[in-house]
Structure formats: structure tokens, C-alpha cells
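Just below is one structure, and these are the notes that go with it.
Only this structure's heavy atoms are used, side chains among them; waters, hydrogens and symmetry mates stay out.
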Amino acid sequence: MMFWRSVVGKLWFTILLLVSFVLFILTVMLLEFFENYHINETRKGLTKTAVNIAENLEQHSNDERMGQEISWALIDKVTRVAVVEDENTYYYSPNVKKDQRLPVSFVFENKELQHVFKDDEISYITSPFPSKAAAGSQYLIIGAPIHYPGGKVGGVFIYQSLDVMEKTTRLTTKFILLAAGVAIVLTTIFAFFLSTRITAPLRKMREAAFEVARGKFDTKVPILTHDEIGELATAFNQMGRQLKFNMNALSQEKEQLSSILSSMADGVLTFNRNGIILITNPPAEQFLRYWYYDQGANENSDAVPSEVMELFQLAVNTEKEQVGEMSLQGRSYVLIVSPLYNKRFIRGAVAVIRDMTEERKLDKLREDFIANVSHELRTPISMLQGYSEAIVDGIAQTDEEKIELARIIYDESLRMGRLVNELLDLARMEAGHIQLTMEDVELEPYVNRIVHKFLTLANEKGIELKSDNGPGDSHFDFDPDRIEQVLTNLIDNAVRHVPDSASIMVRTWTDERGLFFEVQDQGPGIPEEDLPFLFERFYKGDKSRTRGRSGTGLGLAIAKNIVDAHKGRMSVKSKLGHGTTFSFFIPRKID
């Protein structure tokens with residue numbers, strides 16, 4: 001079945017069918033020609049013989065015996081002669097048997113043969129022989145007039161069976177059919193030879209096409225001829241080179257587009273016309289992860305925020321740019337959705353997600369900074385002033401009271417010193433003057449040692465404090481003192497804010513990207529509106545700004561700057577009533 005579908009089979013069948021048709025027409029025409037030729041030649045020969053016999057008998061009319069002997073010498077074994085003078089006077093050649101005699105009545109009854117007697121002209125017919133012995137055989141009967149003395153007209157009728165001619169025709173037919181068979185065999189050989197000559201380069205081009213389809217654009221087809229197939233091979237090789245050039249150009253453009261998207265600060269989501277996401281960049285993926293966490297959905301799903309889909313539908317339907325806003329995990333985003341065109345038709349849309357949290361936050365921080373600094377300094381200064389006045393005014397009578405007041409003054413001065421030192425450290429960090437001392441640290445004992453410092457405080461509150469060292473490397477390079485400062489701040493905040501009998505988990509793991517830390521608690525959570533400001537100076541979730549549990553509001557800002565100095569990143573996820581998770585990441589290579 002595959003042979004008939006191949007080019008070789010189709011060419012062979014086409015050529016064979018064409019040659020067979022031509023040979024069939026030629027055979028039919030040749031057989032017809034040879035049959036008519038034999039009949040005509042036989043008729044001419046018999047007519048000539050009949051005329052010669054008639055002339056001979058006329059010349060020897062005085063000596064009939066001599067004339068007959070000469071006449072019978074002119075005929076062969078298969079030719080028979082009947083000489084008719086009238087209905088009652090006739091005779092036959094010696095080779096005519098009794099059952100082969102031509103009836104005289106048939107001669108005088110046949111209209112064509114009567115022309116011999118009436119019109120004195122030669123006549124001939126082809127007819128079944130009028131004898132039971134030779135019934136069914138076709139005979140050629142030719143009559144020639146004989147002129148006897150006294151004006152009497154007779155006839156010489158010479159007749160011969162057409163079986164001899166049919167035998168000759170059959171022999172000719174066999175010869176023609178044999179020649180046709182030989183021609184068909186030779187045609188088949190020629191067709192296969194021609195087909196293989198044509199299809200061999202085509203098979204090579206097919207194999208080369210499959211190689212190109214697999215991405216091997218350097219594949220070339222050998223040019224074996226200089227005809228149309230050779231030109232096709234040349235065009236195929238040119239197509240492969242052009243395709244390789246185009247693919248390299250597309251790959252470069254794709255890499256360039258990927259680099260541009262990856263380096264963009266704004267998130268980009270590209271949709272097709274059905275609203276399915278085609279392309280994203282890291283900021284957009286982070287935006288979607290925040291939304292999945294907020295919705296409690298699986299991060300591997302294809303769901304998109306309803307606000308984005310509404311803007312997408314408006315952009316597609318109105319063919320105009322749409323702008324909207326949404327808040328997510330305490331961050332403010334501006335959404336700009338623009339339609340994408342394929343020539344004149346819309347093929348989708350692109351959504352630019354711009355994080356405006358920093359701009360909004362800076363506005364708020366400018367307003368709150370002076371109030372925060374004033375608030376943090378006013379309390380210790382007031383206490384220093386009040387207790388100093390008490391000592392100066394002599395309110396403290398005993399030495400114990402004076403020592404107690406002096407101790408309070410000392411504690412508040414230490415508090416102011418810590419505040420000033422933290423401000424100075426933070427200023428140096430933000431100015432890029434922080435110095436890191438990189439060491440190869442064994443992770444598990446390092447984390448266990450930091451966690452162990454808070455076990456006593458955790459046990460007093462009934463808090464379960466655990467650590468989990470995940471898969472990956474057991475050693476990593478970073479500044480252990482600075483990272484301990486970060487972990488200490490995060491664990492201390494968790495211990496101070498989670499309720500009794502809750503749990504705190506400190507996790508670490510590494511992968512090909514770097515080192516991950518995570519501090520997860522089961523506390524009350526952080527309000528969404530506070531999340532964007534947690535890493536800012538003096539910002540505290542405790543709105544009363546009291547001392548004690550709320551601290552100075554600089555710890556998280558310092559922690560974030562330490563992580564930034566390690567070229568890492570720090571983030572927080574929280575939902576009210578579901579706890580809070582602080583995480584930070586340190587990459588393997590730090591410039």
C-alpha cells in the first residue's frame with residue numbers, strides 16, 4: 001500500500017498506463033490494417049489469377065484441354081476454380097473435391113456475381129460457402145468474364161477460404177502482442193529507473209526537511225543535478241540558511257524581550273483574547289503570589305484578580321486603554337491595561353502593574369518622621385528632666401531614693417544612647433557604609449544557638465519555639481554577626497507579640513539560588529494597612545507609641561538594611577488571625 005502512495009509507484013503506474021493505452025490503440029489499428037491488407041492482397045492475387053485463366057481459356061478456345069492445363073497450373077492448393085459457360089455447362093479445377101464445388105445455382109442467384117454475365121465485369125463477394133461440408137467458413141469468391149465465340153459470355157469463378165488469412169492474422173496478432181509485452185516490460189524498467197532518478201533527490205530532501213524540523217538548520221541537501229530538482233535542492237538549502245538566520249534573530253529578540261521584562265520594575269502581564277496569561281515578569285509573578293496568598297488559592301492555578309479581568313474586558317471591548325487601582329497585602333498598585341493589535345484586529349491585551357506603595361509611603365513617612373523622632377526622644381528627655389529636678393529639689397530624701405532616681409536616669413540615658421546608636425547605624429547602612437565580615441558558617445548549630453537564647457523567655461510564656469533545618473548545603477557564606485542581629489530582631493518580635501501557648505518556627509534551607517530564612521508565628525497577625533510600613537524607621541504597629549513591648553521602631557529597618565547589604569531581599573506575609581511570616585533570602589554570589 002505504501003508503494004502505491006509513493007512517487008515511484010505513481011510515476012510507474014502513470015507511465016505504464018499511458019504506454020499500455022498507446023500500445024492498445026496501436027495494436028487495434030495494426031490488426032485492422034493487416035487484416036484489410038491480407039484480404040486486399042488476396043483479392044488482388046485471386047483477381048489477377050481469374051483474369052489470367054479467363055484470357056488463357058479465351059486464347060485456347062479451339063483447344064480446351066490445352067487451355068485448362070495451362071489454367072490449372074496458375075492456381076495453388078488452396079485456390080479452387082469453377083468455369084461456368086451457362087447454367088448447364090460448367091466444370092471445376094482438378095483440386096476441387098465434390099463437397100467443395102461451388103453450386104452453379106448460387107452463382108446465378110447472387111446479384112453481385114450476376115454482373116459477370118450481365119455487365120461483363122469482374123465481381124467479388126465474401127460469403128459463407130454454400131455447402132454443408134464447409135458451412136460456417138467464410139470464402140472470398142471472385143468472378144471474371146470469359147468471351148466465347150459467337151458473343152457468348154461465361155465466367156471464371158475462383159474462390160478461396162479466408163481461414164488461411166485468419167491464420168496469418170492470428171500469427172500477426174501474436175507477434176504484435178509479443179512486441180507490446182516486451183514494450184511494457186521495457187517501459188516498466190524505464191519507469192522505475194526514471195522514478196528512482198527523480199525520487200532519490202526527493203528522499204534526501206525529505207530527510208533534510210525532517211532534520212530541519214528537529215532544529216538542525218545546518219542540514220544541506222546535496223545538489224546532484226542541474227535540472228529542476230537541482231534548483232529545488234538549491235532553494236531548500238537557501239531556505240535552511242534563511243530559516244536559521246530568522247530563528248537566531250527571533251531567539252535574540254526573545255532573549256532581549258525577556259531581559260527587558262525581567263529588568264523592569266513594573267509588573268507585566270500579557271493576555272490572549274480569551275484572557276489567558278501568556279507572558280509574565282518577576283514583579284507580576286510577585287503580585288500574583290500576594291493575591292494567591294490573600295485569597296488562600298493555589299499558586300499553580302491560572303486565576304487572575306477580578307479587578308484585572310474587568311479592566312481587560314473593558315480594554316478589549318472598547319479598544320481603549322483602561323486604568324484602575326487595587327490594594328493587596330498593604331501595597332497599592334496602579335493597573336494600566338492596553339489592547340494589543342494583530343494588524344487591525346485585537347489579539348489580546350497587556351497589563352502593566354505599577355507598585356505605588358513606595359510613593360504613597362514616602363508621603364506618609366515625611367509627615368510622620370518628625371513626629372516619630374520627637375515622640376521617641378520626648379519620653380526619655382522628660383523622664384531625665386523630671387527625675388533630675390527631683391534630685392535637685394531635694395525630693396529624694398534617702399540615699400536609696402536618690403540611687404533609684406539615678407538608676408532611672410541612667411536607664412533612660414542608655415535608652416537614648418541605643419536610640420541614637422541605632423539611628424547612626426541605620427544612617428550608615430542606608431548610606432552604603434556598612435562593612436560585612438563574610439565567613440563560612442555551619443547553618444544548623446548557628447541557628448540552634450540563636451534560637452536557644454530565647455528558649456527561657458519562650459518557656460515562661462508557654463510558647464513553643466522550634467527550628468527546622470531544611471534540605472540543601474550545611475555551610476554558607478555570610479556575615480554571622482549581622483545575620484544574627486536580623487534573626488534576633490525577628491524572633492524577639494515574634495516572642496513579644498504572639499499569645500501564650502502559641503508556636504514559633506524558624507526555618508532555613510538552601511537551593512541553587514541561595515540561602516532562605518523564615519520566621520513563622522501564630523500571632524494575631526498584622527493589619528494590611530501596616531504591612532507596607534513595617535521596614536520604615538520608627539514605624540510601630542502599636543499606635544500608642546508606648547515603650548515596653550513596642551520598642552523603638554528601628555529594628556526591622558536595620559534588619560532590612562543588613563539583608564540588602566548581603567544583596568538579598570526581605571519580605572513579610574500576614575493575615576489577621578492567621579499569624580505572620582517574615583522571610584529573607586541571601587544569594588550565593590555577593591559582589
Side-chain angles (χ1 to χ4, degrees), residues 262-265 267 281-290 293 299 329-331 355 357-358 361 422 425-451 467-494 504-521 526 531-537 539 554-574 580-591:
S262 299
S263 61
M264 287 181 62
N281 67 340
E285 293 171 359
Q286 183 66 33
F287 168 78
L288 292 176
R289 281 195 294 269
Y290 282 147
Y293 178 81
E299 292 189 3
Q329 285 289 300
R331 307 191 71 84
D355 189 350
T357 306
E358 294 299 326
K361 186 165 57 177
E422 288 179 353
D425 289 340
L426 187 58
R428 285 196 300 269
M429 292 178 184
E430 291 180 346
H433 296 156
I434 183 174
Q435 297 295 325
L436 298 179
T437 303
M438 307 299 292
E439 296 180 12
D440 183 26
V441 180
E442 187 176 0
L443 295 177
E444 184 172 358
Y446 173 78
V447 174
N448 291 338
R449 178 178 58 81
I450 297 173
V451 171
S467 63
D468 178 20
N469 295 284
D473 301 336
S474 60
H475 290 73
F476 204 88
D477 289 337
F478 56 85
D479 187 333
D481 292 335
R482 294 293 186 178
I483 297 301
E484 181 176 353
Q485 186 178 355
V486 175
L487 288 174
T488 299
N489 182 275
L490 296 179
I491 297 173
D492 180 67
N493 286 343
I504 300 172
M505 174 65 71
V506 180
R507 293 188 180 91
T508 60
W509 71 93
T510 63
D511 60 15
E512 68 278 2
R513 293 172 294 174
L515 173 62
F516 294 83
F517 288 93
E518 187 175 271
V519 178
Q520 182 180 12
D521 64 53
I526 301 172
L531 290 177
F533 308 100
L534 288 180
F535 300 107
E536 299 301 330
R537 290 176 292 181
Y539 193 86
L554 295 175
L556 289 178
I558 294 173
K560 186 177 184 305
N561 277 275
I562 293 174
V563 174
D564 291 342
H566 284 79
K567 306 301 181 183
R569 61 177 181 269
M570 192 172 191
S571 61
V572 59
K573 294 188 293 185
S574 181
T580 303
T581 300
F582 283 91
S583 58
F584 62 95
F585 161 74
I586 301 175
R588 289 186 178 275
K589 294 182 179 180
I590 301 176
D591 297 333

I need the [X] [atom1] to [Y] [atom2] distance, nearest 0.5 Å.
X: Glu442; Y: Arg449; atom1: CD; atom2: CZ; result: 12.0 Å
X: Asn561; Y: Arg482; atom1: CG; atom2: CZ; result: 10.0 Å
X: Leu534; Y: Ser571; atom1: CG; atom2: OG; result: 11.5 Å

Practice task
Spell out, as yes or no, whether a donor-acceptor pair under 3.5 Å connects the side chain of Ser574 to the backbone of Ile526.
Solution key: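 Confirmed, Ser574 side chain pairs with Ile526 backbone.
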Handout entry: Test item: Asp521 side-chain N/O and Thr580 main-chain N/O as donor-acceptor pair under 3.5 Å
Key =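 Flag set: sc Asp521 to bb Thr580 pair under 3.5 Å.
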Exercise for the section: Take His475 and Val441 through the side chain to side chain contact (heavy atoms under 4.5 Å, CB included) test and state the conclusion after the steps. Expected result: CA-CA 5 Å; His475 290 73; Val441 180; over 6 Å; no
Practice task
Test side chain to side chain contact (heavy atoms under 4.5 Å, CB included) on Thr508 and Asp468 and set out the steps.
Solution key: CA-CA 6 Å; Thr508 60; Asp468 178 20; over 6 Å; no
So which heavy atom on [X] is nearest to which on [Y], and how close?
X: His566; Y: Pro587; value: O-CD, 3.5 Å
X: Ile586; Y: Phe478; value: CD1-CB, 4.3 Å
X: Ile558; Y: Gln485; value: CG2-NE2, 3.5 Å
X: Leu443; Y: Asp473; value: CD1-O, 3.5 Å
X: Tyr446; Y: Glu484; value: OH-N, 2.9 Å
X: Ser467; Y: Asn448; value: OG-OD1, 2.9 Å

Handout entry: Working for salt bridge (charged side-chain N to carboxylate O under 4.0 Å, His left out), residues Arg588 and Asp511
Key = CA-CA 9 Å; Arg588 289 186 178 275; Asp511 60 15; 5.7 Å; no
Exercise for the section: Go through the structure and list residues passing ring pair (Phe, Tyr, Trp, His ring centres under 6.0 Å) with Phe582, not counting sequence neighbours. Expected result: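 By the ring pair (Phe, Tyr, Trp, His ring centres under 6.0 Å) rule, Phe582 matches no residue at all.
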Problem - Residues in ring pair (Phe, Tyr, Trp, His ring centres under 6.0 Å) contact with Phe585, at least two apart in sequence or another chain - result: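 With neighbours one apart ignored, the set is Phe516.
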Flag the pair [X] / [Y] as yes when at least one side-chain heavy-atom distance between them is below 4.5 Å, and no otherwise.
X: Leu556; Y: Asn493; answer: yes
X: Met570; Y: Val486; answer: yes
X: Leu515; Y: Asp477; answer: no

Exercise for the section: Kindly write out the residues that satisfy salt bridge (charged side-chain N to carboxylate O under 4.0 Å, His left out) with Asp481, not counting sequence neighbours, or none if the list is empty. Expected result: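 Asp481: no salt bridge (charged side-chain N to carboxylate O under 4.0 Å, His left out) contacts found.
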Problem - Non-neighbouring partners of Asp492 that pass salt bridge (charged side-chain N to carboxylate O under 4.0 Å, His left out), sequence neighbours left out - result: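 Only Arg496 meet the salt bridge (charged side-chain N to carboxylate O under 4.0 Å, His left out) criterion with Asp492.
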Exercise for the section: With sequence neighbours excluded, tell me which residues meet side-chain contact (heavy atoms from CB on, under 4.5 Å) with Gln520. Expected result: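 Expected list: Arg507, Glu518, Thr581.
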Exercise for the section: Sequence neighbours left out, what passes side-chain contact (heavy atoms from CB on, under 4.5 Å) with Asn281? Give chain and number order. Expected result: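 Residues passing side-chain contact (heavy atoms from CB on, under 4.5 Å) with Asn281: Leu261, Met264, Val268, Pro283, Ala284.
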Exercise for the section: Could you please spell out the steps behind the side chain to side chain contact (heavy atoms under 4.5 Å, CB included) verdict for Phe584 and Ile483? Expected result: CA-CA 10 Å; Phe584 62 95; Ile483 297 301; 4.3 Å; yes
